[in-house]
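Quick note: numbers below take in every heavy atom, side chains included, and nothing from hydrogens, waters or symmetry partners. Small disclaimer: the values here were computed from a predicted structure and weren't measured.
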Amino acid sequence: MTETREQFALIGAGPMGLAAAKTLQDQGIAFQGFELHSGVGGLWDIDNPKSTMYESAHLISSKRMTEFADFPMRDEVAEYPSHHEMKRYFNEFADHFDLRRHYRFNAEVLRTEPLGGNGDGWRVVWRDADGEHVAIFAGVLIANGTLSEPNRPSFEGTFDGELIHAADYRSASQFDGKRVLIVGAGNSGCDIAVDAIHHGRSCDLSMRRGYYFVPKYVFGKPADTVGGGIKLPKWLKRKVDALILDWFVGNPQKYGFPKPDYQLYESHPIVNSLVLYHAGHGDLRVRPDVDRLDGQTVHFRDGSQADYDMILAATGYRLHYPFIDDALLNWRGDAPHLFLNAMHPERDDLFVLGMIEATGLGWQGRHEQAEMVARYIAGLRLARNEARLLQAEKADTFARATGGMNYLNVARMAYYVDKETYRGALNAWIKALGGQGV
């Protein structure tokens, strides 16, 4: 067994893991990184065994609103980059900041176990081509992502056709000649439905609830770049944005989409114009929720039915940390309950990075999360008073940074936050701990 009590173990070399590696390096905190795949990029590398990427996938946010502030994407990169471009970007990021040297690649972390109380160290067990290894670390930083473990639905009855999850989807050729039903109309579901429209015999989209649709371009610019410099109260921003959506999108209900049963921004919007285009042209039929399956027939909740050759469940992903006991993560309901979605209320040697979703947060918001954590670790080691203040605050009762937003009570929204509220809190602590903030 190796003793490395000054080092932290960092799990994951996707974009969040890389942001953590960079900020730990900046703060002079020794760490050992572990990555299951042979390279960096996480799910954005379609060859990664844990990737849930598909060939037609692109960012749903524009590159300037998504990139790391200190490492802009190349000018020649498209405004909505493909996963190929994103893989290259994260590889260039890792090279630019010399991050690979900190990682063991092709190394799967099997178990992480505390040796005792806060600060007593952690036993980490991992496996690589040479077998299993054990080492003792000062603490653990978990950055293995949130979109790798499929949330596979259970349906009443049996289906004689092909039933897959979006995680199993790679290429539109999988739809060739098939009658396809997409279950779930999130961003991935709508993207994949467009592929099925072009390659299958037919495509239907089953939706449990309505969504707000946002076009990728407004006034000739990426939609997420419009109006960003104007700070409005949330109630007014909702009214203005709803008016803009009405201008550019119209009423999706006229194409058969259900009306949302919540207000704008209380769930993640769908950034896709093509699915509305095809619905308007009759290429896509919108169906209600599935009631039961019978052979190749799908019965829907409204009493209608149709036959299909393939069902693709675009029903999202669930948080999955198989190498640590859930109880250690202060798990409540559908997600760990952590201060600013990252910091354990009682331990200073366990952090979860990247368990965060917010409209428009981008990689910079995640970088700020990593910087706050890295500066906190460094501040504790230097016995800085500001770090002690943060330690006390995270140990006290705290709430998710929703900014008063009444998010839908569903699993995928369990770690959703309001961008302005969240980044404001992060940057306040970054400044308190000696950083620049924004």
Side-chain angles (χ1 to χ4, degrees), residues 4-35 40 42 67-71 90 93-94 96-103 112 118-119 121-122 124 137-145 329 336 338-356 361-395 401 417 422-438:
T4 54
R5 289 183 180 269
E6 292 302 310
Q7 283 189 318
F8 271 73
L10 171 62
I11 303 171
M16 191 68 234
L18 294 177
K22 174 184 173 291
T23 55
L24 291 169
Q25 182 174 262
D26 289 345
Q27 295 304 310
I29 299 167
F31 68 96
Q32 174 62 65
F34 297 91
E35 168 54 46
V40 305
E67 64 195 7
F68 292 115
D70 57 0
F71 194 75
F90 292 123
F93 181 89
H96 181 78
F97 294 106
D98 192 23
L99 303 178
R100 295 179 199 274
R101 63 190 175 90
H102 295 288
Y103 277 93
T112 58
N118 185 32
W122 285 73
V124 176
F137 291 91
V140 175
L141 299 112
I142 298 172
N144 67 319
L329 294 175
L338 305 174
F339 181 75
L340 291 176
N341 288 43
M343 307 176 81
H344 194 282
E346 298 171 2
R347 304 196 70 111
D348 300 311
D349 54 4
L350 175 62
F351 302 90
V352 178
L353 300 172
M355 189 197 74
I356 182 73
L361 185 67
W363 295 119
Q364 182 56 28
R366 292 166 172 84
H367 183 284
E368 289 160 6
Q369 184 195 66
E371 183 178 354
M372 178 194 67
V373 168
R375 287 186 176 276
Y376 175 67
I377 295 170
L380 285 181
R381 290 182 172 180
L382 294 171
R384 293 192 58 173
N385 185 55
E386 294 83 1
R388 296 299 183 194
L389 291 173
L390 177 50
Q391 184 182 49
E393 181 160 333
K394 77 180 182 67
V417 299
Y422 187 75
R423 289 190 66 186
L426 291 179
N427 282 283
W429 281 113
I430 288 171
K431 289 178 181 178
L433 294 165
Q436 296 296 314
V438 294

Search all heavy atoms of [X] against all heavy atoms of [Y] and return the closest pair with its distance.
| X | Y | value |
| --- | --- | --- |
| Arg381 | Phe8 | NH2-CE1, 3.4 Å |
| Ala138 | Glu6 | CB-C, 4.2 Å |
| Met16 | Ala370 | CE-CB, 3.7 Å |
| Ala387 | Gly379 | CB-C, 3.5 Å |
| Ala432 | Glu386 | O-CG, 3.1 Å |
| Leu353 | Ala342 | CD2-CB, 4.4 Å |

Give, for atom [atom1] of [X] and atom [atom2] of [Y], the distance between the pair rounded to the nearest 0.5 Å.
| X | Y | atom1 | atom2 | value |
| --- | --- | --- | --- | --- |
| Glu35 | Ile11 | CD | CD1 | 11.0 Å |
| Gln25 | Phe97 | CD | CZ | 9.0 Å |
| Asn427 | Gln369 | CG | CD | 12.0 Å |
| Leu382 | Gln27 | CG | CD | 9.0 Å |
| Trp122 | Leu141 | CH2 | CG | 10.5 Å |
| Glu393 | Leu389 | CD | CG | 8.5 Å |

Can you find a pair of side-chain heavy atoms, one from [X] and one from [Y], that are under 4.5 Å apart?
| X | Y | answer |
| --- | --- | --- |
| Tyr376 | Lys394 | yes |
| Pro15 | Arg366 | no |
| Asn118 | His344 | no |
| Ile142 | Thr112 | no |
| Leu350 | Leu329 | yes |
| Val352 | Asn341 | no |
| Val40 | Phe93 | no |
| His102 | Leu24 | no |

TODO: List the steps and the verdict of ring-ring contact (aromatic ring centres under 6.0 Å, His included) for Phe90 and Trp363.
DONE: CA-CA 11 Å; Phe90 292 123; Trp363 295 119; 5.6 Å; yes
TODO: List for me each residue that meets salt bridge (Lys or Arg N to Asp or Glu O under 4.0 Å) alongside Glu371, sequence neighbours excluded, and say none if there are none.
DONE: Arg375
Open item on the list: Whether the Tyr422 and Glu368 side chains hold a donor-acceptor pair (N or O, under 3.5 Å, no angle test) is what I'd like checked.
Closed with: no
Task: Side chains of Gln391 and Asp348, donor plus acceptor under 3.5 Å - done: yes
TODO: Name the orientation class of the two ring planes belonging to Trp429 and Phe339 (parallel below 30°, tilted from 30 to 60°, perpendicular beyond 60°).
DONE: perpendicular
TODO: Anything under 30° is parallel, anything over 60° is perpendicular, the rest tilted; go ahead and classify Tyr103 against Phe31.
DONE: perpendicular
Task: From Leu340, Leu361, Leu426, residue fulfilling side chain to side chain contact (heavy atoms under 4.5 Å, CB included) relative to Ile356 - done: Leu361
